Amino acid sequence: MATDMENSKISISHRIINIQDGKGPFSPEIIEETLKNFSVVSFDVFDTLLFRNLADPKDVFKIIEEKYNIDNFYAKRIAAEALSREKSKIQYDSYETSIDQIYSMIYDDHNKKDFGVEMEVREEEDLLFPHPFGMLVYKIAKKTWA
């Protein structure tokens, strides 16, 4: 089974560089030396810099359903996102959507929609924690161009 560090990647100027070199993770010195050769480094946030201790990111909807006693919330939230993405594709030729647009599919009432957004954001925040190695690489990158 692969470890989290073995699955982590750094996207460097249109190239993906695995932070696993076959002999173990890169040392901070090797990472710093590598990053000096590039002017742009991008990081995927989830599962690279931040983790959620969930088997599936959608499990947060199950947590909300149980914690707030909202009948069938898990299924409603997943269906609302799919519907919102389809609507966005028709209107904007893109499947991108926002959490506000998703909750507009669930609730007509503005206050309920806002509460839904706040509830989900709060639960996500409670579940997030920094990935130690990802944060190390981020700090090295930040220091390299400071």
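Nothing here was measured: the structure is a model prediction, and the numbers come from that model.
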Single-linkage hydrophobic cluster, 4.5 Å side-chain cutoff, V45 and L128 together: yes

L49/D44 under side chain to side chain contact (heavy atoms under 4.5 Å, CB included): CA gap, chis, key distance, verdict: CA-CA 7 Å; L49 295 179; D44 180 47; over 6 Å; no

Flag side-chain contact, heavy atom, 4.5 Å: F73 against K62: no

Side-chain touch V121/I99, heavy atoms, less than 4.5 angstrom: yes

OG1-CD distance between T144 and E33, expressed to the nearest 0.5 angstrom: 9.5 Å

Derivation of the side chain to side chain contact (heavy atoms under 4.5 Å, CB included) call for I106 and K113: CA-CA 7 Å; I106 301 173; K113 178 189 74 87; over 6 Å; no

Residues R122 and E118 bridged, charged N to O under 4.0 Å: no

Hydrophobic cluster membership, F46 vs Y95, 4.5 Å side-chain cutoff: no

Gap between atom OG of S84 and atom NZ of K89 - 0.5 Å precision: 14.0 Å

Residue Y74 excluded, over 12 heavy atoms near OH under 6.0 Å: yes

Check: T48 side chain, F43 main-chain N or O, donor-acceptor pair, under 3.5 Å: no

Residues F129, L50; criterion side chain to side chain contact (heavy atoms under 4.5 Å, CB included); working and verdict: CA-CA 6 Å; F129 61 94; L50 298 174; over 6 Å; no

Linked, directly or transitively: M105 and M119 (ILVMFWY side chains, under 4.5 Å): no

K87 and T97, any side-chain heavy atoms less than 4.5 Å apart: no

Contact check, side chains of R52 and P57, non-hydrogen atoms, under 4.5 Å: yes

Spacing of L54 atom CG and F61 atom CZ [to the nearest 0.5 Å]: 10.0 Å

For K112 against Y107, the heavy-atom pair lying closest together: O-CD1, 3.6 Å

Minimum-distance pair of heavy atoms, taken over all atoms of I102 and A80: O-CB, 3.6 Å

Heavy-atom neighbours of D109 CG exceed 12 at 6.0 Å: yes

Sub-4.5 Å side-chain heavy-atom contact between V60 and L127: yes

Derivation and outcome, side chain to side chain contact (heavy atoms under 4.5 Å, CB included), residues R77 and I64: CA-CA 10 Å; R77 174 58 178 76; I64 292 169; over 6 Å; no

Gap separating the CG atom of N53 from the CG atom of D126, nearest 0.5 angstrom: 13.0 Å

Qualifying residues under side-chain hydrogen bond (donor to acceptor under 3.5 Å, both in side chains), relative to D56, sequence neighbours excluded: none

Whether F51 and H131 hold their rings parallel, tilted or perpendicular, with breakpoints at 30° and 60°: tilted

Crowding at NZ, K139 (>12 non-hydrogen neighbours, <6.0 Å): no

Donor + acceptor pair across side chains of Y68, E123 (<3.5 Å): yes

K143 bridged to E32 by N-O distance under 4.0 Å: yes

Other residues, nucleotides, ligands: >12 heavy atoms within 6.0 Å of F115 CZ: yes

From L83 atom CG to S104 atom OG, the distance as rounded to the nearest 0.5 Å: 11.0 Å

